[in-house]
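See below for the structure under consideration.
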Amino acid sequence: RKLFFDTHALVRLLEDNGFTTQQSEVIVSALMKIMNANLDMIYKDMVTKVQQEIALQQVMSHIGGVKKDMIILEKSEFSALRSENEKIKLELQQIKKQVMDEITKVRADNKLNLNLEKSRVKELVSFAYFLLETYKDRHAQQDRALTQTDRKIDTEVADLKTMLESHKLDNIKYLAGSVFTCLTVALGFYRLWM
């Protein structure tokens with residue numbers, strides 16, 4: 001069977017749009033199964049060219065047989081043969097009309113089936129685009145949520161850095177006060193001893 005689209009290109013397109021390789025292959029495999037099943041249904045109702053040629057050859061061989069019979073019976077039963085020939089012509093015309101009606105019916109059925117398949121494929125494609133858009137929207141929402149979380153984390157880190165700097169300054173003040181107190185006490189003892 002011939003495929004009317006490039007399956008590898010479709011897999012790559014789905015992968016480029018966020019599907020995994022396995023998901024892409026499953027989607028393409030499902031599309032191929034649907035197309036093959038629909039083609040099987042279409043082929044089941046179709047008359048092949050070979051079958052049509054066989055029917056035509058049968059009709060032609062029947063005509064050839066009638067011609068032979070006409071040559072044999074021409075001398076003795078020409079008038080009866082002529083009436084029989086007319087009957088055969090009418091039958092052939094009826095058969096031809098029936099064959100044409102059947103061909104027309106098959107063509108109409110095939111056109112209807114093809115149109116139905118086209119609409120089904122369009123629905124599948126639109127559904128695939130819908131899924132793709134939904135996936136993109138969810139991905140965008142997740143990106144926004146991650147961005148907001150990053151901003152909150154950055155704000156908390158900045159607040160913690162500010163508190164750390166404030167505590168550093170307080171510790172430096174207390175350390176400087178303690179050093180000056182120790183120096184003052186040491187100078188006081190030094191003065192007392194001297």
- Spacing of L31 atom CG and L10 atom CG [to the nearest 0.5 Å]: 6.5 Å
- Query: Are L13 and L131 in one and the same hydrophobic cluster, where Ile, Leu, Val, Met, Phe, Trp and Tyr link if side-chain heavy atoms are under 4.5 Å apart?
  - Reply: no
- Message: Does N113 form a side-chain contact (heavy atoms from CB on, under 4.5 Å) with M41? I'd like the steps, not just the answer.
- Response: CA-CA 9 Å; N113 287 338; M41 289 179 70; over 6 Å; no
- Nearest heavy atoms of L14 and S24, plus distance in Å: CB-OG, 3.3 Å
- Rounded to the nearest 0.5 Å, what's the gap from CG on L160 to OG1 on T155? Could you check? 11.0 Å
- Transitive ILVMFWY side-chain link I27 to I34, under 4.5 Å: yes
- Message: Nearest 0.5 angstrom please: L164 CG to K161 NZ, how far?
- Response: 9.5 Å
- Message: Can you confirm whether I103 sits close enough to Q52 that some side-chain heavy atom of one is under 4.5 Å from a side-chain heavy atom of the other?
- Response: yes
- Hey, what do you get for CD (E133) to CG (N17), rounding to the nearest 0.5 Å? 9.0 Å
- Query: Just wondering, are more than 12 heavy atoms of other shown residues or ligands nearer than 6.0 Å to CD in Q51?
  - Reply: yes
- Rounding to 0.5 Å, atoms NZ (K122) and NZ (K118) come to a distance of 7.0 Å
- Co-membership, hydrophobic cluster, residues F19 and V26, 4.5 Å side-chain: no
- Applying salt bridge (charged side-chain N to carboxylate O under 4.0 Å, His left out), which residue pairs with at least one partner in residues 91-101 are found, sequence neighbours left out? none
- Any ion pair linking E123 and R120 (charged N to carboxylate O, less than 4.0 Å)? no
- Spatial distance of atom CG (L192) from atom CG (L187) [nearest 0.5 Å]: 11.0 Å
- Task: Is it possible for you to say whether Y135 and Y129 belong to one hydrophobic cluster, with membership spreading through side-chain heavy-atom contacts below 4.5 Å?
- Result: no
- Query: Going through the distances and angles, do M60 and I63 end up as a side-chain contact (heavy atoms from CB on, under 4.5 Å)?
  - Reply: CA-CA 5 Å; M60 294 303 287; I63 290 171; 4.3 Å; yes
- Query: Applying the 4.5 Å side-chain criterion to the ILVMFWY set and letting contacts propagate, would I54 and V59 be lumped into a single cluster?
  - Reply: no
- Query: Do any N or O atoms from the side chain of T134 and from the backbone of F130 form a donor-acceptor pair under 3.5 angstrom?
  - Reply: yes
- Query: Please, which pairs that meet salt bridge (charged side-chain N to carboxylate O under 4.0 Å, His left out) have at least one residue in residues 169-193, sequence neighbours excluded?
  - Reply: none
- Item | Residue pair E15, R12: steps toward the salt bridge (Lys or Arg N to Asp or Glu O under 4.0 Å) verdict | CA-CA 5 Å; E15 287 175 355; R12 291 186 62 203; 5.8 Å; no
- Is the backbone N or O of T20 less than 3.5 Å from a side-chain atom of Q23, with the two atoms forming a donor-acceptor pair by type? yes
- Message: Keeping S29 on the side-chain end and E25 on the backbone end, is there a donor-acceptor pair under 3.5 Å?
- Response: no
- Audit row: E165, L169, side-chain contact (heavy atoms from CB on, under 4.5 Å) steps and yes/no: CA-CA 6 Å; E165 290 298 322; L169 287 175; 5.7 Å; no
